[in-house]
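Below: the structure, in structure tokens.
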Amino acid sequence: QARLVESGGGLVQAGGSLRLSCAASGSGFSISAMGWYRQAPGKQRELVAAITSGGATNYADSVKGRFTISRDNAKRTVYLQMNSLKPEDTAVYYCNADIIVLLDYSDLEVWGQGTLVTVSS
């Protein structure tokens, strides 16, 4: 069974940086796309950044030029480097992975538990 565990959230001042990590554990599956979503209080969950198994990336317009997504396929880990943070980046950040179950090649979407990022002004 696939499981995602995030780390790296916390409190930072505006203009600061944080790096989030998300590691996949379990066996019997492979991972295709991975991504980071966030949900601010009173708002819907939104895509922040995504990366394919081949390394192609996609970013929300609000974070382009400030955030960088990367992954280490050998470690089954995805990272989100967040620079020049703004108070409006405050949210719970969730890791997401599209996995392929090797037993029957079915597709599943897996979510992490979330990590809180708070940016103070």
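Residue numbers count from 1 along this sequence. All values derive from a computational prediction rather than experimental measurement.
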Quick one: closest heavy-atom pair of Phe67 and Tyr59, and the distance?
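Residues Phe67 and Tyr59, closest heavy atoms: O-CE2, 3.3 Å.
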
- Task: Return the minimal non-hydrogen interatomic distance between Glu6 and Gly114, and the atom names on each side.
- Result: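 Residues Glu6 and Gly114, closest heavy atoms: OE1-N, 2.7 Å.
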
If we ignore hydrogens and angles and just use 3.5 Å, is the side chain of [X] paired with the main-chain N or O of [Y] as donor and acceptor?
| X | Y | result |
| --- | --- | --- |
| Arg66 | Ser84 | yes |
| Tyr37 | Ala49 | no |
| Ser53 | Ser32 | no |
| Thr90 | Val119 | yes |

Would you kindly confirm whether [X] and [Y] end up in one hydrophobic cluster when ILVMFWY residues are joined by side chain heavy atoms under 4.5 Å apart?
| X | Y | value |
| --- | --- | --- |
| Val92 | Leu47 | yes |
| Ile51 | Phe29 | yes |
| Leu11 | Val117 | no |

Please set out all donor-acceptor pairs under 3.5 angstrom arising from side-chain atoms of residues 13-24, sequence neighbours excluded.
{"from": "Ser17", "atom 1": "OG", "to": "Asn83", "atom 2": "OD1", "distance (Å)": "2.9"}

Drop me the distance from [X]'s [atom1] to [Y]'s [atom2], to the nearest 0.5 angstrom.
| X | Y | atom1 | atom2 | value |
| --- | --- | --- | --- | --- |
| Tyr93 | Gln39 | OH | CD | 12.0 Å |
| Met82 | Ile69 | CE | CD1 | 11.5 Å |
| Arg38 | Arg45 | CZ | CZ | 13.0 Å |

Mind checking whether [X] and [Y] have side chains closer than 4.5 Å, heavy atoms only?
| X | Y | value |
| --- | --- | --- |
| Val78 | Cys95 | yes |
| Arg76 | Ile31 | yes |
| Val48 | Leu80 | yes |
| Thr77 | Arg71 | no |

Without placing hydrogens or testing angles, list every side-chain donor-acceptor pair under 3.5 Å for residues 98-106, not counting sequence neighbours.
{"from": "Asp104", "atom 1": "OD1", "to": "Ser106", "atom 2": "N", "distance (Å)": "3.0"}
{"from": "Asp104", "atom 1": "OD1", "to": "Ser106", "atom 2": "OG", "distance (Å)": "2.7"}

Lys86/Asp89 under salt bridge (Lys or Arg N to Asp or Glu O under 4.0 Å): CA gap, chis, key distance, verdict | CA-CA 5 Å; Lys86 304 175 182 180; Asp89 294 317; over 6 Å; no

Subject >> Trp111 and Tyr94 aromatic ring geometry - parallel, tilted or perpendicular at 30°/60° bounds >> reply: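 Perpendicular.
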
Self-check item: Glu109 CD: over 12 foreign heavy atoms closer than 6.0 Å
Solution: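 Enclosed.
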
